[in-house]
Amino acid sequence: PVQAESSPAASTATAPVQLEPAPPGPSQIEATEAESSMPVSEPAPPKEYPLADMLNAAGTTASARAWAGLYRLWGYDSEAVTDEQACAQAPAAGLRCIQAAGSWGILQRFDRPAVLLLVSGEGRWKPVLLTYMKGQRVGLEIDGLELEVPRSELEKHWYGEYRLLWQTPPSGTIALRPGNRSNDVRWLRERLARILGEPATAADPRRYDAEMKAMVESIQREQGLTADGVAGARTFIMLNNLDEQANVPRLTMPPIEVRE
């Protein structure tokens, strides 16, 4: 009998077929490379508001808020709206006002928070609270909003007008000069002795004598003030700086950030 041969078709039908994965096409390669090159997402930086825009947006409450902020730094409340009202309130808190024009160097020497008059892009004066200096950056409050800007940006809008508060001697005297006799003279003598490291001895410690005048002149020369021997606002400011009074706010001591 003739034996039928098995057909090639039948034998190949039963063999397992090995399938190789198809090479990735161009679109798949591009997608894979794009995914691997995508940067890791990071939190967006806080939005910065240009100083010029914030000055333009500041409203009629800017002056009251600037003064309220300045008094707050000294530990007092204020509802003053104008410079006159704010300065009239100062003596009751043992403070006085300086309203003047000067340079950035003067503000650095005084080292006090201050209300600055800045000029907006619209040409209007806008009171702004200068709260601290940190290197080449400064802290501001504009109509109640806080921001930090480069000092160079601030100086584009500032023409030297400023207002600040300073602390008087205990009895509220605004100037002491040779020949005066009071408890504030005694206070000044003790303050000078502590700063200069000298004993506070005098036949009459309440009298502003020649020895005390010489001590005041020494401090004035050292601090770049006119050495006239009269202790006025600028001399008292420098004395408080040198004596590091804890209750006196400073520009070079920024607020402590509390982190939760």
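- Looking at L147, T131, V128 one by one, the single match for side chain to side chain contact (heavy atoms under 4.5 Å, CB included) with E141 turns out to be T131.
- Applying the side-chain hydrogen bond (donor to acceptor under 3.5 Å, both in side chains) test to pairs two or more places apart or on separate chains, those with a residue in residues 58-67 are T61-D143, R65-D143, W67-D83.
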| request: Could you give me the CA-CA distance, side-chain angles and deciding distance for L70 and S78, then say whether side chain to side chain contact (heavy atoms under 4.5 Å, CB included) is met? | output: CA-CA 9 Å; L70 183 57; S78 175; over 6 Å; no
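- Residue N183 holds its CG atom at 12.5 Å from CH2 of W187, rounded to the nearest 0.5 Å.
- Here the closest non-hydrogen pair linking A93 and Y76 is O-OH, 3.3 Å.
- Pairs of residues two or more places apart, or lying in two chains, that qualify as disulfide (SG to SG under 2.5 Å) and include a residue from residues 51-126 are C87-C97.
- For E244, the CD atom is loosely surrounded, since the number of other residues' heavy atoms within 6.0 Å does not exceed 12.
- Between P249 and R112, the shortest heavy-atom contact is O-CD, 3.6 Å.
- Applying the side chain to side chain donor-acceptor pair (under 3.5 Å) criterion to R109, with sequence neighbours excluded, gives no partner residue.
- Qualifying side chain to side chain contact (heavy atoms under 4.5 Å, CB included) partners for K213, counting only residues two or more places apart in sequence or in other chains: P178, Y208, E217.
- Remark: side-chain polar atoms of R124 are not paired, donor with acceptor, to backbone N or O of E122 under 3.5 angstrom.
- When all heavy atoms of R189 and D204 are compared, the closest pair comes out as NH2-O, 3.9 Å.
- Every residue meeting the side chain to side chain donor-acceptor pair (under 3.5 Å) condition with E148, not counting sequence neighbours, appears here in chain and number order: Y132, K134, R137.
- Every salt bridge (charged side-chain N to carboxylate O under 4.0 Å, His left out) that R194 has, sequence neighbours left out, goes to D243.
- Of all heavy-atom pairs between L164 and P113, the closest is CB-O, 3.7 Å.
- You'll find the side chain of T168 stays beyond 4.5 Å of the side chain of P91, heavy atoms only.
- Applying the side chain to side chain donor-acceptor pair (under 3.5 Å) rule to D77 yields no partners; only residues at least two apart in sequence or on another chain are considered.
- Hydrophobic clustering keeps V115 apart from W125 (ILVMFWY residues linked when any side-chain heavy atoms are closer than 4.5 Å, directly or through intermediates).
- Applying the side chain to side chain contact (heavy atoms under 4.5 Å, CB included) criterion to A214, with sequence neighbours excluded, gives no partner residue.
- The neighbour count for E79 CD, taken as heavy atoms of other residues, nucleotides or ligands under 6.0 Å away, does not exceed 12.
- The CE atom of M133 sits 11.0 Å away from atom CG of L154, with the distance rounded to the nearest 0.5 Å.
- I174 meets the side chain to side chain contact (heavy atoms under 4.5 Å, CB included) test with R96, W166; sequence neighbours excluded.
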| field | side chain to side chain contact (heavy atoms under 4.5 Å, CB included) between L176 and V216, intermediate numbers included | value | CA-CA 10 Å; L176 292 170; V216 170; over 6 Å; no
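- The two residues A58 and A62 come nearest to each other via the heavy atoms CB-CB, 4.3 Å.
- Residues meeting the side chain to side chain donor-acceptor pair (under 3.5 Å) test with T173, sequence neighbours left out: D184.
- Between L116 and Y162, the closest heavy-atom pair is CD2-CB, 3.7 Å.
- A side-chain donor-acceptor contact under 3.5 Å links K126 to the backbone of L55.
- The distance from atom CG of L130 to atom CG of L118, rounded to the nearest 0.5 Å, is 9.0 Å.
- One finds the CZ atom of R163 at 5.0 Å from the CD atom of Q99 (value rounded to the nearest 0.5 Å).
- Cluster annotation: L95 and V81 are assigned to distinct hydrophobic clusters (Ile/Leu/Val/Met/Phe/Trp/Tyr, side-chain heavy-atom contacts under 4.5 Å, transitive).
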Would you mind writing out the side-chain donor-acceptor pairs for residues 225-238 within the sub-3.5 Å range, not counting sequence neighbours?
from, atom 1, to, atom 2, distance (Å)
D228, OD1, Q220, NE2, 3.2
D228, OD1, V230, N, 3.0
T235, OG1, Q220, NE2, 3.1

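- In this structure, L129 is not a member of the same hydrophobic cluster as L117, with clusters built from ILVMFWY side-chain heavy atoms closer than 4.5 Å.
- Although no hydrogens or angles enter the test, the distance criterion places no donor-acceptor pair under 3.5 Å between the side chain of N180 and the main chain of V185.
- Annotation: the span from L188 atom CG to M212 atom CE amounts to 3.0 Å, rounded to 0.5 Å.
- Every residue meeting the side chain to side chain contact (heavy atoms under 4.5 Å, CB included) condition with Y159, not counting sequence neighbours, appears here in chain and number order: V119.
- Here Q223 contributes atom CD and L242 contributes atom CG; the two are 4.5 Å apart, rounded to the nearest 0.5 Å.
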